[in-house]
**Student:** 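My questions all concern the structure below.
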Amino acid sequence: RAARFSHSSYELADSKRSEQFYNRKIIIDELPQAIENNLFELRYQPQYQLHDGRLIGFEALSRWQHSQQGHVSPILFIEVAEELGMHFEFDLMVVGNVCRQINYWIQLGLDPVRVSVNISFKTLEMSTFVHRVCQILRELKCPTKFLEFEITETSDAKNLETLSENIQALVDLGIRIAIDDFGTGYSSLSLIRGYYKSIDTLKLDRSLIEDITGNQTAKRFAQHIVDLGKVLDLTILAEGVETAEQKHLLNEMGCQYAQGYFFDRPLDIVATEKLLRAQR
Ligand code: C2E
Ligand code: MG
Ligand code: MG
Ligand code: MG
């Protein structure tokens, strides 16, 4: 099968390792049912503004706790969903679940800040995607100002015209767009060049920032990307920040936002709600 160029080498290594442990066939067989029955849970990883530590949002990350297989990596089940052509229904299910969660937090008197949803590039290329998103938003009456969609470019982009129409339509709805895993994509630079006016945020992949405190070349490389973001008026968010040194250096370099284990792991609903209450 085709490798996904969109993931960092770490994610690919993880995915390969998981394949040895999980029976791929079981996942292929059971994924359709799991999607139909909405058997996934979401974790919310907080994102912070570096210079003052303010909470600026969350990334929603899907979890599938399989009854026999245990935890199945989303890298694996998203890949299978794409192979089975079920990524479209899956991504819409997640959008619906996130909208319900946002509404619930609002009902509790909490400020959901902003929630970022991963959308498969293949989903974003589908001509009916925006229509379905609108249906969900209308049905659930979810305010779009709390929503962001994260996209990772894949090697096999086909439907570029629909993609660009969809991105513009989502922006018109008030949904923000972030480019995920920037620096590892197949040709993310051309994506940025074509759409930077519609894009809000560049998410620097973990592999780009992991050596910045020990390696001058890595640091200079990351600095140039942060500067590119400045020139294009994009917000830069560093992914996978694991140490205080990385955090300080990224702040000095002019990177605005970050997420990673140094701040928080992806949190379950109870922990997320606790964090939101502490913000009040
Ligand atoms: P991603 O969107 O790039 O998400 C970041 C991944 O890095 C997450 O892995 C997160 O748990 C992990 N991470 C966060 N902070 C750190 C850190 O400090 N160090 C390290 N080593 N890792 C960190 P996760 O949750 O396993 O998700 C993997 C990928 O699966 C995501 O990469 C995304 O591409 C995909 N994915 C997850 N949930 C969904 C979903 O609901 N829909 C779609 N379409 N894709 C999803
Ligand atoms: Mg993401
Ligand atoms: Mg990704
Ligand atoms: Mg990423």
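Counting starts at 1 for both ligands and their atoms, in listed order.
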**Student:** Could you list the atoms of ligand 1 found under 4.0 angstrom from a heavy atom of G260?
**Tutor:**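 In order of number, 15 (N), 18 (O).
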**Student:** Can you tell me which portion of F90 lies within the under-4.0 Å heavy-atom range of ligand 1? Options are side chain, backbone, both, or neither.
**Tutor:**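 The side chain, only.
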**Student:** Residue-level breakdown please: for K203 versus ligand 1, do any non-hydrogen atoms fall below 4.0 Å on the side chain, on the backbone, on both, or on neither?
**Tutor:**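 For K203, no heavy atom sits under 4.0 Å from ligand 1.
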**Student:** Below 3.5 angstrom, do we get any N/O pair linking T152 and ligand 1?
**Tutor:** no
**Student:** Report yes or no: do L124 and M86 belong to one cluster of Ile/Leu/Val/Met/Phe/Trp/Tyr joined by side chain heavy-atom distances under 4.5 Å?
**Tutor:**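 Yes, L124 and M86 fall within the same hydrophobic cluster.
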**Student:** Counting only heavy atoms closer than 4.0 Å, does ligand 1 sit against the backbone of R63, its side chain, both, or neither?
**Tutor:**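 For R63, the contact with ligand 1 is made by the side chain alone.
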**Student:** On a heavy-atom basis, I'd like to know which of T123, V98, I75, D180 is closest to atom 2 (O) of ligand 1.
**Tutor:** D180
**Student:** Report yes or no: does D205 have an N/O/S atom closer than 2.8 Å to the Mg ion (ligand 4)?
**Tutor:**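 Here the distance criterion (N, O or S atom, under 2.8 Å) is not met by D205, so no.
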**Student:** Does N118 put an N, O or S atom under 2.8 Å from the Mg ion (ligand 2)?
**Tutor:** yes
**Student:** Going by heavy atoms, is S73 under 4.0 Å from ligand 1?
**Tutor:** no
**Student:** Tell me whether the rings of F129 and F149 are parallel (<30°), tilted (30 to 60°) or perpendicular (>60°).
**Tutor:** tilted
**Student:** If the cut-off is 4.0 Å to any non-hydrogen atom of V94, which atoms of ligand 1 fall inside it?
**Tutor:**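 Those of ligand 1 that fall under 4.0 Å from V94 are 41 (O).
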**Student:** Please confirm if an N, O or S atom belonging to E150, backbone or side chain, lies less than 2.8 Å from the Mg ion (ligand 4).
**Tutor:** no
**Student:** With atoms numbered from 1 as shown, which atoms in ligand 1 lie under 4.0 angstrom from a non-hydrogen atom of D91?
**Tutor:**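 That gives atoms 42 (N), 43 (C), 44 (N) of ligand 1.
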**Student:** Enumerate the atoms of ligand 1 whose separation from the nearest heavy atom of S120 is less than 4.0 angstrom.
**Tutor:** 44 (N)
**Student:** Examine the proximity of ligand 1 to R265 and report which part, side chain or backbone, both or neither, has a heavy atom under 4.0 Å away.
**Tutor:** neither
**Student:** For E59, is the nearest heavy atom under 4.0 Å from an atom of ligand 1?
**Tutor:**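 The answer is yes, since E59 has a heavy atom less than 4.0 Å from ligand 1.
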**Student:** Report the member of V72, D181, L61 with the shortest heavy-atom distance to atom 10 (C) of ligand 1.
**Tutor:**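 Checking each option, the heavy atom nearest atom 10 (C) of ligand 1 is found in L61.
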**Student:** Should V241 and L50 be counted in the same cluster of Ile, Leu, Val, Met, Phe, Trp and Tyr side chains packed under 4.5 Å apart?
**Tutor:** yes
**Student:** Quick check: S62 and ligand 1, any N/O pair under 3.5 Å apart?
**Tutor:**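 Looking only at distances, the answer is yes, because the N/O contact criterion of under 3.5 Å is met.
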**Student:** Is the shortest distance from a Lys or Arg side-chain nitrogen in K219 or E252 to a carboxylate oxygen in the other one below 4.0 Å?
**Tutor:** no
**Student:** Do I167 and F182 belong to the same hydrophobic cluster, where Ile, Leu, Val, Met, Phe, Trp and Tyr are linked whenever their side-chain heavy atoms lie under 4.5 Å apart, directly or via other members?
**Tutor:**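 Linked within one cluster.
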**Student:** For the pair T162 and E125, evaluate side chain to side chain donor-acceptor pair (under 3.5 Å) and give the outcome as yes or no after the intermediate values.
**Tutor:** CA-CA 6 Å; T162 308; E125 282 184 329; over 6 Å; no
**Student:** Just by distance, with hydrogens left out, do E150 and S116 show a side-chain donor and acceptor under 3.5 Å apart?
**Tutor:**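 Result is yes, a qualifying pair exists.
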**Student:** Heavy atom under 4.0 Å from ligand 1: found in E239's side chain, backbone, both, or neither?
**Tutor:** side chain
**Student:** Indicate, with yes or no, if L232 and L237 share a hydrophobic cluster defined by side-chain heavy-atom contacts under 4.5 Å among Ile, Leu, Val, Met, Phe, Trp and Tyr.
**Tutor:**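 The answer is no; the residues belong to distinct hydrophobic clusters.
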**Student:** Going through the checks in order, is the salt bridge (Lys or Arg N to Asp or Glu O under 4.0 Å) test met by E148 and K203?
**Tutor:** CA-CA 12 Å; E148 179 173 81; K203 299 190 74 179; over 6 Å; no
**Student:** Just by distance, with hydrogens left out, do R100 and N103 show a side-chain donor and acceptor under 3.5 Å apart?
**Tutor:** no
**Student:** Any idea which part of I78 is under 4.0 Å from ligand 1, heavy-atom wise: side chain, backbone, both or neither?
**Tutor:**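 Side chain only; the backbone of I78 stays clear of ligand 1.
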**Student:** With heavy atoms of Q45 as the reference, note each atom of ligand 1 found under 4.0 Å away.
**Tutor:**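 Listed by number with element: 14 (C), 15 (N).
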**Student:** I'd like the name of whichever of F263, F149, Y261 reaches closest to atom 23 (C) of ligand 1 through any heavy atom.
**Tutor:** Y261
**Student:** Parallel, tilted or perpendicular for W105 and F58, by the 30°/60° rule?
**Tutor:**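 Geometry flag for F58 against W105: tilted rings.
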**Student:** Quick check against the 3.5 Å criterion: does E210 have a side-chain atom that pairs as donor or acceptor with the backbone of R206?
**Tutor:**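 Checking the backbone N and O of R206 against the side chain of E210, no donor-acceptor pair under 3.5 Å is found.
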**Student:** What do you get for the angle at the Mg ion (ligand 2) between OE2 on E59 and OD2 on D180, to the nearest 10 degrees?
**Tutor:** 180°
**Student:** Can you list the residues that meet the side-chain hydrogen bond (donor to acceptor under 3.5 Å, both in side chains) rule with N215, with sequence neighbours excluded?
**Tutor:**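 Listed in chain order: nothing, the list is empty.
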**Student:** By atom name, which N, O or S atom belonging to D181 lies closest to the Mg ion (ligand 4)?
**Tutor:** OD1
**Student:** Find all atoms of ligand 1 within a distance of less than 4.0 Å from any non-hydrogen atom belonging to P266, and give their numbers and elements.
**Tutor:**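 So the answer, numbered in order with elements, is 11 (O).
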**Student:** Nearest 0.5 Å please: distance from the CD atom of E30 over to the CG atom of L39.
**Tutor:**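 One finds 9.5 Å between CD of E30 and CG of L39.
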**Student:** Check whether any heavy atom of V241 sits under 4.0 Å from an atom of ligand 1.
**Tutor:**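 Yes, V241 has heavy atoms under 4.0 Å from ligand 1.
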**Student:** Which ligand 1 atoms does G240 reach within 4.0 Å, using its non-hydrogen atoms?
**Tutor:**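 This gives 16 (C), 17 (C), 18 (O) as the contact atoms.
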**Student:** Would you confirm whether Q259, through its side chain, and E239, through its main-chain N or O, come within 3.5 Å as a donor-acceptor pair?
**Tutor:** no
**Student:** For R206, counting its heavy atoms only, list the atoms of ligand 1 lying under 4.0 Å from any of them.
**Tutor:** 19 (N), 20 (C), 21 (N), 22 (N)
**Student:** Could you check whether any side-chain N or O of D211 sits under 3.5 Å from a backbone N or O of G214, counting only pairs where one atom can act as donor and the other as acceptor?
**Tutor:**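 Answer holds: no.
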